[in-house]
Structure formats: C-alpha cells, structure tokens
Amino acid sequence: MLKVLTCLTGQHDFRLVLVAGLVCFAACFTAFRLFSRLRGARGLVRGAWLLLTGLVAGSGVWATHFIAMVAYDPGLKTGYSPAGTLLSLMIAVLFMAAGFAVASAERTRTNDCAGGLLLGLGIGAMHYTGMSAFVTQGYVLWEQATVAASVIIGVSFSAVALVIAGRARSLTKQLIGGTVLTLGVCGLHFTGMGAVTIQPDINVVVPEQLLSGAMLTLAVTAITGLIILGGLGAVTIESSTSRSALDRIRRLANAAYEGIVVVQDGRINDANAAFAELAGAPLGELVGKPLYNAMLTFDGKEAAREGVRREGLLQPVAGGRAIPVEVFSRLMDDGARTETSGLTVLAIRDLRERRSAEEKIRYLAEHDGLTGLPNRNSLQARLAAALERVEASGETLSLICIDLDHFKEANDLHGHLAGDALLVEAARRLQDSVTAPSFAARLGGDEFILVQIAAGDQPAAAAELAGRVLEQLSTPAVYEGQDLAMGASLGVSLFPDDGRTAEALLANADMALYRAKESGRGVYRFFKREMDETIRERRTLARELRQAITDEELVVFYQPLARAADGEVCGFEALVRWKHPVRGMVPPLEFIPVAEENGLITQLGEWVLRRACADAASWDRPLRIAVNLSPLQLNQPNLPTLVHEVLIATGLSPSRLELEITESALFKDYQRALDNLRRLKALGVRIAMDDFGTGFSSLSTLQSFPFDKIKIDKSFVENIHRHDRATVIVRAVLGLGRSLEIPVVAEGVETQEQIDFLRGESCAELQGYAIGRPGPIDSLSAWTLARAAAAAQLETEARGAA
Ligand code: C2E
Ligand code: CA
Ligand code: CA
C-alpha cells in the first residue's frame, strides 16, 4: 500500500493524473447512461447500444491507462510499442461490451456480478497488455501479490458500480456508478503501478520510432473525448425523441374521451385528462395513489384481468357518488422496452350516460307511453312477483280486468285527442284507487288491470275495490271544457280460487269482464266456473267467424218482397248465411250477435253490402235491394262514405238501395245516427225502419227522421187472427204509416189468410215464406230476368183470383 502511494506521489505528474481521472469518469458515466438505454432495447438496437457502450467504456478506460502512464515518470527514457498499445485498446472495448452485455441480459444480481467480473478482468487485461507495450531503459520487475490485489480491486469496484447504477435510469445513480467504476479503474491502475520496480539498464535501447508520451496523451484524450461526446449525444437524442414520442402519446391520451390510467404495482403511475376529471383530482394528486380496492372496485372480487372487459365502480377522490365504469386492461409490455414492463394500462369508460339511457329504455319498454302505467310486457313479471309475494306472506290477491264502456264511441265522436285524455284520466283514477303493493296496469286500448294485494278477506276486499273503481270511473272526465262520459265494466278473479298462475287469473278475470259487459255494462262480475263453457264456445265462434270472412264462407241469400196489391215482386232483402264447413248452414241469429260484440260486424256488414249491391246491379230488372245495418255500423262515422263508394264501385243506382235499421240502433248515439241517416239519404238511398213494434215503437222515432218504409215485425204478423192484441197492433202500425205517409211492409207472411187481411188493411208490401223463402242468388232468375217477369206476374194474379 505504502509502495502504491509512494509510486503515485513520487513518480507521477499530478496534473496528468487529474486529466486521466476526469477522462475516466466522463467515460464511465457516459457508459452508464448508454447502459440504461441498452437495458430497455432488443435485437439490433440492443446490439448498437452495446457496441457504443463498449466503445465508450473501453476507449475511456484505455485512455485513462495511457494518460496515467504518461504521467508516470520513472526518470528514464520511455516509449510504447504500437502493436501492444492497439491490442490493449481492443481488449478493453471487447471486455467492456461483454461485461455490459452480461449485466443487461437479465435483471439479477448474479448478472451484475458476472458483468462486474468481466469488466474488472477487462480493465486488468487491458492494463497489463498495455504495460507489456511499455518500453524503458531498464527491466521491469513485477510484485505478484500486488498485481493480484489490483485485479481484485478492479473486479470488485466494477461489480459494485454495476449493482448501483445498472438498473437505474436516474442521473444520480449513474453518477455514483460512474464514480465507483472510475475508482475501480484508477485503483487497478495505480495498484498495478505499485507492483512495478524498474531496474535501470543503459544497454536497453528505447527505439526512437516508438510513440512519444506527449503525442499519445493528446491523441488519446482527443479521440476518447470525441467518442464520449458521441455517446452522450446519442443518449440525448434518443431520450429527447422518446420524450417527444411520450409527449405525443400523452396528448393523444388527453384527447381520448375515455379515462386512461397507467398502473404500476397497483398504484397510479400516469393518467390522462379524462381520468383526472372522472376521479375529480388533478393528475399530480393522483400519481402514486393506490387504485384497486381503494378508488376502483369491481363487481367481482378479482382486479382487472388482462384483456377482459369488466364493470366496476370508480370512487372520486373528493367523495360523492361512485361512478359506474367499464374497465379494459392491457399490459403495456410491448416486448421492446423493459422500462414499460410491469405497467398496466386501464381504459376506463364512464357508464353513467349509458346506464341512464338503459334505464330510460327499460322504463319505456315496461310502461305505457300514454298513461305511464306499467304495460302488458311488464304486467306478467309484476304479477308473477306479486303472486310469489302473496304465496309467502299469506296476503290475498285479486285481479280486476277493466274495460271502459263506450270508449270507442267517444273516440270516434270527439276525436283521438279526447280519447287519449279519457284514457289518461281513467289511468289516473285507477292509479289513485290503489296503494302499493297493489298496482294498476294498462293492457292496451281501453283495457286496464288492477292487481290488488290486500291484507283483508276476499271476496269482500275485491268487491269493495271494484265498487269504488266503478264509482270513480262513472264521473265524466273534462276535456277542453266539455264533459266526456265515462264508465267501465269490471271482471274480477281471485287468487287462489280462480287460478294460481298469472295466465289463469287474467283469463278468468277477462271472462268475468265479458259477463259484466253482457249484463249491460257499468257493473262488476266475479268469475264463476260455469262462465267458462258458454264463453269458450262464443270465443271459438268468434275466432272461426273472423276466419270465415277471409275464407269467403259467407253467402248472401235473397228473400223477395212483393207489392200487396198485385203480388208483383218489387225487391229483395239480403240475408247473410254462414256455410260452416263442419256445422253446416249457421243462421245469422247465432253469429250476428257475436260479430256485434267484437266489432267484426263492420267488416261483415261491409262485405254483405258490397255483395248485395253487386248482385242487384247484375239483375235485368231494376228491383230494389234491402240490406240490414247493425247498430254498430250505423254509428260508424264513415258509413255514408262507404255506402257511396260501394254504389260507385258496383254501379247500382242509389234509389234501388234500401238500408234497414232497427229502432235500438238509433239510441246508441242518437245524434250520430241521425247525422249518418241524413247523409245517407242525401245520397239518394232509402231508409227502412226494421222490426217495428218490438222496441220502443215510439211515434217520436218515426217523426224524428223521414223513413221511407216501416217493417212490422213478424212476431205480430204471425199472430194475426190468433191474438187480438197482435191484430190491434198491426192495424195501429198500418194506420200510423198511413197518417205519416210512410209505406208499411209486413214481415213473416206465411198464410193466405194473412195476405188477405193485410191487403184489406191496405198494407203496401209483403215479405215471408208465402211470397218466397230466402234463397241463393241463382234461384232468383224467375223474378230478376226480364222475360220471366211477365210469367211470374201472371201466376201471382191467378193465385190472387183463386
Ligand atoms: P230480419 O231483418 O228481421 O230478417 C228477416 C228474418 O225473418 C230472416 O231471418 C228471414 O229468413 C226470416 N223470415 C222471412 N220470412 C219469414 C216467414 O214467413 N216466417 C218466418 N218464421 N221467418 C221469416 P234470418 O235470415 O235468420 O235473419 C235473422 C236476422 O238476422 C235478420 O232479421 C237480421 O236482423 C239479421 N241479419 C241477417 N242478415 C244480416 C245482415 O246482412 N246484416 C245484419 N246486420 N243483420 C242481418
Ligand atoms: Ca231486416
Ligand atoms: Ca225484420
């Protein structure tokens, strides 16, 4: 040790030693800066960084050695052989590159130590190769132990330097690493020099062509300086381009709508503006904060898994409601840079908007747009939940089907807006009539449902509610200053007596509703088992009838009407028949009421009207054709338009068409019916009062509208001469017709006796089996063909005379 010190102080030029030290430090520090780049790179880039690191470190260490050698003055003439000098440079570069390559291959301490070993051995090899190129006037003697010590110093300092600075990107650590390595290099060098003793010998010739110390110092310092500058430049350029790339990425990330957060070891490493906003804190405050389980929690237990979309909650830093988010995570390791490994990038999407949209959609899907009540879709689910509840709690449940009476008429009469207002008002009243967990729902149209969940006894509780609802729905609704009549029919089914499932309860309440409507509306009915059978039959009939209309199973029969005076056929009444494929010919009295009930009559009636007009238009003789109109048809606002259209389409003269209406049809909506009749009459169509005597038979009805004909119901005609009362009525009606100047027709005339009586009372026309039975169109030729007419007339006259 003492020897080393005396060697250093006694035989060295201190200024040059300082230069050597500075060159060494510059090289070592630069090597570590380069090394930090090397650790992140792969493939060709890694090779290039490795070469540069080796070059900088190797040439630096080599330069240190030679400058220090120049600083060494043994007091004799000295020189250097070029070959050995060059060889020592190559050794230095190679070992340095190898040492750094090993240290950077894997992030372990073993690699650092192995790398350090290579560096140390490299420095030693370079030093002693360099020393072998050293020529002086004398013999160089070596002290083996000190040589070994010098190599140990070089190796251990190198290893420590690699351990300290190897992994770090921080400048401080690189500076420390550089210093330690410099100490290693200088330590090895000067200890090595301490092992040298020169025994002067004048006979040893130092050749003149050898490199001189001063030249060498200048050249070496300059070249090494350039290499070091090149290395530093490379690092600076690389880091500034990667910084600007990073800047670009950050700008891009900030432009992203989604929150992006970089996580390392569960803590926030970086984030974009969107995430900062979502988290409600500036980026500076967020960095370093733990993310999982603190700010971000997932629906399941585990944290965000790579490549999997997950949903969770983000708790804003400042508190407040947690934000529902969707998280997508990716490991950032792109295989090229190790400084990004261990980082996870999470894309965080705010789900609040989507959630509220979903909620809105769900609301719209489950509620009726007009009234806001739960709709048919959600009724099933709600009812099922209610049933589950009462099964468990032992509460009672009743289901009430509600159908607004005369809603369609109100809708037609006052318009759809009024109709809507009526529905909204009805919904409000229904809603108000129950409290949760009971609820109201709208099935569609004017049909509503109440589900009553009650603690009280049934059927008392349901009866009480039904009564209350009827009362509430009976007060008119006000729409734009006018009163709209309201009213409802209710059908009630009870759980569990009338059904245990939603379907059964609904079907049975519906059946009870049907009964309520049948018994004159404005009432409620409880479901009863026996309702089942008859109603099911009618339902089947209705379903089949609907099909029959489209399948053209309906036919029109025609029954002749004859003038009472001379018996000449003057027209026909169209009477519909249903040729049922199984039941055979179904009489209209069985299916017309069914068609009336479910509105099918409009379609059916239109079909009959069209058929009858078309048939009549084909007849040779311009005989009249009478068509029956149902009450529902008469209240259809578009009836006159329809009739007009049919007349034009078939080419039938309006004066040949006679429409038969009953008195009751007038009273459904008196004003509307009269209005329609006037418009029909304006078309030139004739109107007959059918079945007169069976209804109110009021004189005022006959006076209210100029009917073209009165038809006395066949129930009176068949009792002529059998019951005095019937005879009196027939006489009275005939008298009424005469005084009002309205011709009267007698229906159901079956006997000659009846004909005679009616002729005597100057009845205008006769209709009945005595004149002719209703028959299909092709059985009418006797009357409808022009040449047949005369013959038919002759025959009637002959019969009249007999
Ligand atoms: P309605 O308008 O009073 O028709 C007369 C009914 O009396 C017909 O019965 C006819 O066959 C029957 N009839 C005719 N002459 C005699 C007779 O001498 N003795 C007896 N006992 N009956 C006689 P139908 O065809 O069964 O029609 C029954 C009812 O069905 C009709 O009564 C009418 O109200 C209705 N109807 C028939 N076709 C249509 C139609 O196309 N549209 C509408 N809305 N109703 C129709
Ligand atoms: Ca009739
Ligand atoms: Ca009739």
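Just so you know, ligand 1 is whichever comes first in the structure, and atom 1 is the first atom listed for that ligand.
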Short list, please: which atoms of ligand 1 are under 4.0 Å from a heavy atom of [X]?
| X | value |
| --- | --- |
| Glu573 | 2 (O), 4 (O) |
| Arg577 | 11 (O), 25 (O) |
| Lys714 | 6 (C), 7 (O), 20 (C), 22 (N), 23 (C) |
| Glu750 | 17 (C), 18 (O), 19 (N), 20 (C), 21 (N) |

Proximity of [X] to ligand 1 by residue part, where a heavy atom lies under 4.0 Å:
| X | value |
| --- | --- |
| Asp690 | side chain |
| Val556 | neither |
| Val608 | side chain |

**Item:** Under-4.0 Å protein heavy-atom contact, atom 32 (O) of ligand 1
**Value:**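 No; the ligand atom in question lacks any protein heavy-atom contact below 4.0 Å.
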**Prompt:** Would you say atom 9 (O) of ligand 1 touches the protein, meaning some protein heavy atom is under 4.0 Å from it?
**Reply:**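 Under 4.0 Å from atom 9 (O) of ligand 1, zero protein heavy atoms found.
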Between [X] and [Y] (salt bridge meaning N to carboxylate O under 4.0 Å), is one present in this structure?
| X | Y | value |
| --- | --- | --- |
| Lys709 | Glu658 | yes |
| Arg539 | Glu597 | no |
| Lys528 | Asp498 | no |
| Arg624 | Glu573 | no |
| Glu747 | Lys711 | yes |
| Glu645 | Arg610 | yes |

[X] N/O under 3.5 Å from ligand 1 N/O:
| X | result |
| --- | --- |
| Tyr769 | yes |
| Gln633 | no |
| Val576 | yes |

**Prompt:** What heavy-atom pair brings Ile771 and Ala562 nearest, and what distance separates the two atoms?
**Reply:**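 So the minimum-distance heavy-atom pair works out to CG2-CB, 3.6 Å.
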**Prompt:** Can you tell me if Glu553 and His580 form a side-chain donor-acceptor pair at under 3.5 Å?
**Reply:**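 No, no side-chain donor-acceptor pair sits under 3.5 Å.
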**Message:** Checking Lys714 against Gln767: is there a side-chain donor and acceptor pair closer than 3.5 Å?
**Reply:**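 Looking only at side-chain atoms, Lys714 and Gln767 do not form any donor-acceptor pair under 3.5 Å.
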Among all protein heavy atoms, pick the one closest to [atom] and tell me residue, atom and distance.
| atom | result |
| --- | --- |
| atom 29 (C) of ligand 1 | Leu589 CD2, 3.9 Å |
| atom 11 (O) of ligand 1 | Pro774 CG, 3.5 Å |
| atom 15 (N) of ligand 1 | Gln559 NE2, 2.8 Å |
| atom 4 (O) of ligand 1 | Leu575 CD2, 3.5 Å |
| atom 3 (O) of ligand 1 | Asp691 OD1, 3.2 Å |
| atom 24 (P) of ligand 1 | Pro588 CG, 3.6 Å |

**Item:** Heteroatom test (N, O or S) for Asp690 near the Ca ion (ligand 2), limit 3.0 Å
**Value:**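 Under 3.0 Å: Asp690 contacts the Ca ion (ligand 2) through an N, O or S atom.
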**Request:** Look at the N, O or S atoms of Glu573, main chain and side chain alike, and state whether any lies under 3.0 Å from the Ca ion (ligand 2).
**Result:**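 Coordinating: yes.
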**Prompt:** Between Trp783 and Tyr558, is the ring centre distance below 6.0 Å?
**Reply:**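 Ring-ring flag for Trp783/Tyr558: false, centres at least 6.0 Å apart.
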**Request:** May I ask you to check whether Tyr479 and His414 place their ring centres under 6.0 Å from each other?
**Result:**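 Ring-ring flag for His414/Tyr479: false, centres at least 6.0 Å apart.
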**Prompt:** Say you draw a straight line from OH of Tyr514 to SG of Cys401; how long is it, rounded to the nearest 0.5 Å?
**Reply:**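 Reported value, rounded in 0.5 Å steps: 14.0 Å.
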**Request:** Starting at CD1 of Ile592, measure out to CG of Asn628 and round the result to the nearest 0.5 Å.
**Result:**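 Answer for the CD1-CG pair, Ile592 versus Asn628, is 8.0 Å.
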**Request:** Look at Asp713 and state whether any of its N, O or S atoms is less than 3.0 Å from the Ca ion (ligand 3).
**Result:**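 Of the N, O and S atoms in Asp713, none lies under 3.0 Å from the Ca ion (ligand 3), which means no.
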**Message:** Of all the N, O or S atoms in Glu660, which has the shortest distance to the Ca ion (ligand 2)?
**Reply:**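 Atom name of the closest N, O or S in Glu660: OE1.
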**Message:** Restricting to N, O or S atoms, which atom of Asp691 is closest to the Ca ion (ligand 3)?
**Reply:**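 Closest N, O or S atom of Asp691 to the Ca ion (ligand 3): OD1.
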**Prompt:** Going through the distances and angles, do Arg428 and Glu425 end up as a salt bridge (charged side-chain N to carboxylate O under 4.0 Å, His left out)?
**Reply:** CA-CA 5 Å; Arg428 195 189 60 75; Glu425 178 59 19; 2.9 Å; yes
**Request:** Return the option from Val717, Ile771, Asn628 holding the heavy atom at the smallest distance from atom 46 (C) of ligand 1.
**Result:**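 Considering heavy atoms of Val717, Ile771, Asn628, the nearest to atom 46 (C) of ligand 1 sits in Asn628.
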**Prompt:** Out of Glu747, Arg773, Gln754, who gets a non-hydrogen atom closest to atom 5 (C) of ligand 1?
**Reply:**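 Selected option, by shortest heavy-atom distance: Glu747.
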**Asked** Step by step, would you call Arg773 with Gln559 a side chain to side chain contact (heavy atoms under 4.5 Å, CB included)?
**Response** CA-CA 6 Å; Arg773 288 181 175 261; Gln559 186 177 32; 5.6 Å; no
